[in-house]
Amino acid sequence: MCQEHSNHNHSHNDKHTHDHSHDHNDDNDHDHDHDHSHGGENTKLFVGFSLAMLFIGVILAYVLKAEWFINNNTLRLVWYGVAFLPVAFPVLKEAVKLGAKGDFFNEFSLMGIATIGAFFIGEYPEGVAVMIFYTIGEMFQESAVNKAKGNIKALLDIRPNEATVFRNNQYTVVNPEEVQIGEIIQVKVGEKIPLDGEMLTDKGSFNTSALTGESKPNTYQKGETVLTGMINLQNVVEIKTTKLYQDSSLAKILQMVQEASARKATTELYIRKFAKVYTPIVFFLAVALTIIPYFVLGSEYVFQTWLGRALVFLVISCPCALVISVPLGYFGGIGAASKNGILFKGSNYLELMAKLDIVVMDKTGTLTEGVFKVQKVETSLEQNDFVNIVSAIEKQSTHPIAKAIVEAYPTDKVAEEVHEISGKGLMGKVDNKEVLVGNAALLSHYNIAYPTLIDDIVESIVVVAINKEYVGYITIADQIKADSKDAIALMKSMGVKKTVMLSGDKNTITQKVAKETNIDLAIGGLLPEGKVEQVEKLKKEYPNMSIAFVGDGINDAPVLALSDVGIAMGALGSDAAIETADVVIQTDQPSKIATAMHIGRETRKIVIQNIALALIVKIIVLILGAGGVATMWEAVFADVGVALLAILNAVRIQKMKFI
C-alpha cells in the first residue's frame with residue numbers, strides 16, 4: 001500500500017536549491033504510473049467478487065467440511081485462483097513493469113512473490129486473503145489521500161467554468177480561457193468571478209472564503225482588484241479583466257498546492273532511502289530463512305515449512321505502513337493548512353515551521369493594516385472649514401496620506417493653482433486664500449513659525465498654513481492589526497526565542513508599534529537592502545537557529561528568499577508573494593503564523609507516531625514469523641493492519657482545531 005501520490009511537476013521556482021537540493025532527487029524511483037489505481041468502482045467490484053469467493057471457499061472447507069471440495073485439489077486451486085486474479089493482476093502488472101525498469105525489490109514484487117508462494121505451498125485462502133486485504137488497504141489509502149486533498153478539491157471546485165463577456169454590443173457566455181485582458185465581464189449574484197480584474201461597478205460584496213478560509217463577506221469599491229473564485233453576493237457587477245485565466249491568482253495558488261507534495265520533508269526522504277535499502281535486505285533474509293535451515297537441520301528439514309515461514313516473513317516485512325503513512329501525514333498537514341487559509345509549498349516547510357527560533361516581520365501590511373487613517377485634527381480655525389480646505393488641496397495628490405485625508409473629509413471645495421514643493425508638500429489656493437499643506441520643513445522653507453511640539457509628534461503629520469500663517473495640523477497613522485499583539489504572544493508561547501520587526505517607516509513609529517505589540521527588537525528607517533543586511537546579521541549571530549521572514553512578498557522578495565522560511569502575509573492577490581514565499585498566508589491575520597507553526601508541530605507528531613507504530617509492530621511480528629509462531633494472517637495484520645492504523649492516524653489532522 002505504498003504508492004506515492006506526488007505530482008512530479010516542478011515548474012515552480014526552487015529558490016532554496018542551496019538548502020534543499022535533495023528535495024527532488026529521490027522522487028523518480030518509485031514514480032509508479034498507478035494503473036492499479038484502487039479508488040474506482042471496478043476495484044470495489046473485484047474486491048467484492050474475490051471476497052465472496054474466498055468466503056464461500058472458507059465456509060465449504062472449514063464450516064461445512066465438504067469433502068468434495070477439500071479433497072479435490074484441482075478444484076480448490078481453480079476456485080481460489082479465480083478469487084485471486086481480479087485483485088492480484090494490477091499488483092503483479094506493476095511488479096513486472098518495475099522489474100523491466102530494473103527495480104526488482106519493491107512492495108509489488110514482495111506481495112506477488114509472497115502470495116504466489118502461498119499458492120505454491122497449498123495455502124490458497126491465505127494467498128487470496130493477503131491480496132484482498134492489500135487491495136482494501138489501497139482503497140483506504142486512496143480515500144485518505146482524497147480526504148487530505150479535500151481542501152484542494154474545494155479550491156478546484158471554485159474554478160469558474162464560464163464567463164459572461166461584453167462583445168459586439170452584447171453579453172456572451174464563453175469559456176474563461178477565451179477571455180482576453182481588458183475585456184469587460186459581467187458577474188451576476190451568486191456567480192463566481194471567472195477572471196482577476198478591476199471593479200467597474202461602484203461597489204460589490206463578495207464571499208472570499210474559498211480563497212482565504214475567512215467566512216465574513218468583503219466589500220470592494222470601484223477601481224479595486226477582485227479575484228477569480230470570489231462569489232458575488234449583492235448586485236450585478238462589471239469587471240475589466242487584468243489577467244488571463246491561466247495567470248490568475250487562483251490558478252497560481254492551485255498550481256502551488258498541487259506541486260506541494262513534490263517537495264519532500266527530510267523525514268520523508270530518509271524513509272524512502274530506508275525502504276530502498278530495507279526491501280532487498282528482507283528479500284534475501286527470506287531466501288536465507290528458506291535455505292539455511294536445510295544445512296542446520298539435515299534430514300529433519302521440511303522445505304514446505306520453511307518456505308511458508310519465509311513467505312510470511314516477506315508479507316510482514318513489506319514496508320507499506322512506513323512508505324505511505326509518512327508522506328500521507330505530511331499531505332494531511334498541507335491539506336489542514338489550506339483549510340485554514342495557509343498554503344505550504346512543500347512538506348519540508350511544514351517541518352521547518354515546527355521548529356522556528358526567530359521570526360522577523362515587516363511592519364506595514366504585516367503587523368499593521370497598511371492603510372493610513374486620520375488620528376487627530378488640531379486647529380485654531382473652525383474644524384469643518386479647516387478640514388475642507390486641507391481636503392481640497394490634498395485631492396490633487398496621490399500620496400497615501402493625502403488619500404487618507406480626502407477619504408476622511410470629502411469636500412466640494414475646489415483648489416486652484418496647486419503645485420508641489422518637492423519633498424515638502426503642496427501649495428495652492430482655496431477661496432482665494434493661499435494654502436500650504438505638507439511637513440514641518442515646508443513651513444520652515446517659508447519662514448512660518450509653528451509650535452515646537454510638532455517636531456516631537458511620533459505619527460505622520462500634515463502641517464497647514466493659510467496666507468503664510470500656521471493654523472493647525474492633522475496626524476495620520478497606520479492602524480495596528482487587531483490580532484498583532486496576540487500573534488506575538490502566541491509565537492512566544494510556542495517557543496519562538498526572538499521576535500524582530502523591520503520597517504522602512506520612521507524609527508519613532510516603528511518603536512511605538514514594537515512596544516504596543518511586545519516585539520523584542522525593532523529597527524525602522526530601513527530600505528529593502530537594509531532588511532536583507534539585518535537578516536544576514538541575525539543569521540551570523542545565531543547560526544544554529546532557523547529564521548522565518550514575514551512580509552508582503554512584493555518589496556520583500558530578496559529577504560523572503562534569504563530566510564530559512566519565507567512567509568507572505570495577506571498575499572492573496574500578490575503574484576510576487578506566491579512566487580517567492582515558501583508559505584503563503586492568504587488572510588491578513590498575523591496570528592496565522594502561529595497556526596502554521598501549530599499545524600507543522602502536529603504533523604511532525606503524527607509522522608513520528610506512525611514511524612514508531614510501524615517499526616515496533618513489524619519487528620515483533622517478524623521475530624514471531626521467523627520462529628514459525630506468526631501465520632499468514634498475522635502477516636496480513638502486520639502489513640495491511642498497521643498501514644490502516646497509520647492512515648487513520650494521519651487523517652486525524654484533518655479534524656483538528658488549530659490556534
Side-chain angles (χ1 to χ4, degrees), residues 7 9-13 146 149-260 338-339 341 343 345 553-554 568 570-579 584 586-587:
N7 282 333
N9 182 2
H10 299 246
S11 59
H12 61 287
N13 295 334
N146 288 339
K149 280 184 173 173
N151 305 297
I152 299 161
K153 281 188 175 173
L155 275 176
L156 291 167
D157 290 343
I158 64 165
R159 285 186 300 191
N161 48 19
E162 55 180 45
T164 307
V165 64
F166 191 70
R167 287 176 183 168
N168 306 321
N169 291 325
Q170 62 176 23
Y171 280 103
T172 314
V173 176
V174 298
N175 187 307
E177 293 180 18
E178 295 171 25
V179 180
Q180 300 301 309
I181 293 170
E183 289 200 278
I184 293 166
I185 54 172
Q186 185 187 72
V187 184
K188 299 185 182 77
V189 178
E191 289 183 345
K192 297 163 191 163
I193 297 177
L195 295 105
D196 292 7
E198 180 190 318
M199 280 277 287
L200 297 178
T201 309
D202 289 341
K203 197 166 86 169
S205 179
F206 300 93
N207 177 343
T208 64
S209 60
L211 297 168
T212 63
E214 292 302 302
S215 54
K216 71 174 200 292
N218 285 312
T219 302
Y220 289 81
Q221 310 288 338
K222 184 176 182 175
E224 289 190 310
T225 299
V226 287
L227 303 172
T228 309
M230 291 179 176
I231 298 167
N232 184 14
L233 296 176
Q234 221 165 32
N235 47 299
V236 176
V237 294
E238 289 191 339
I239 297 161
K240 184 181 180 183
T241 60
T242 54
K243 284 183 190 166
L244 295 172
Y245 178 74
Q246 61 267 31
D247 297 330
S248 68
S249 300
L250 177 64
K252 286 207 160 86
I253 287 167
L254 288 171
Q255 182 187 1
M256 177 177 146
V257 177
Q258 288 170 322
E259 286 173 359
S338 60
K339 192 176 179 181
L343 302 176
K345 273 201 180 165
I554 302 164
L572 185 57
S574 162
D575 293 344
I578 293 167
E579 291 294 329
V584 174
Q586 293 170 264
T587 64

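Quick note: numbers below take in every heavy atom, side chains included, and nothing from hydrogens, waters or symmetry partners.
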Any ring-ring contact (aromatic ring centres under 6.0 Å, His included) involving residues 175-202? Give me the pairs, sequence neighbours left out, ordered by first then second residue.
none

Please find the pair of heavy atoms, one from Ile231 and one from Lys192, that lie closest to each other, and give the distance.
CG1-CG, 4.0 Å

Output every pair passing ring-ring contact (aromatic ring centres under 6.0 Å, His included) with a member in residues 161-201, not counting sequence neighbours, ordered by first then second residue.
Phe166-Tyr171

Could you pull out all residues at least two apart from Gln234 that satisfy side-chain contact (heavy atoms from CB on, under 4.5 Å)?
Ser205

Selection residues 222-233 - residue pairs positive for salt bridge (Lys or Arg N to Asp or Glu O under 4.0 Å), sequence neighbours left out
none

Exam field: side chain Ser338 to backbone Leu343, donor-acceptor pair closer than 3.5 Å:
no

Identify the heavy atoms of Leu233 and Phe206 that sit nearest to each other, and give their distance.
CD1-C, 3.8 Å

How far does CG of Leu195 sit from CD1 of Ile239, to the nearest 0.5 angstrom?
9.0 Å

Who are the side-chain contact (heavy atoms from CB on, under 4.5 Å) partners of Glu177, not counting sequence neighbours?
Asn175, Tyr245

Could you work out, with side-chain contact (heavy atoms from CB on, under 4.5 Å) as the rule, every residue matching Leu200, not counting sequence neighbours?
Ile184, Glu238, Lys240

Applying salt bridge (Lys or Arg N to Asp or Glu O under 4.0 Å) to Glu183 and not counting sequence neighbours gives Arg167

Does the side chain of Pro194 come within less than 4.5 Å of Val179's, by heavy atoms?
no

With side chains defined as the heavy atoms from C-beta onward, is the minimum distance between Leu244 and Gln180 less than 4.5 Å?
yes

Nearest-0.5 Å distance that lies between atom NZ in Lys203 and atom OG1 in Thr219:
6.0 Å

Kindly give the heavy-atom pair with the smallest separation between Gly204 and Met199, and that separation in Å.
N-CE, 3.5 Å

Going by the rule side-chain contact (heavy atoms from CB on, under 4.5 Å), which residues pair with Glu198 if we only count those two or more places apart in sequence or in a different chain?
Thr242

Measuring from Gln221:CD to Thr201:OG1, what's the distance to the nearest 0.5 Å?
11.5 Å

If you measure from CD1 on Ile181 to OG1 on Thr241, what distance do you get to the nearest 0.5 Å?
7.0 Å

Looking at CD1 of Ile185 and OG1 of Thr172, how far apart are the two atoms once the value is rounded to the nearest 0.5 Å?
13.0 Å

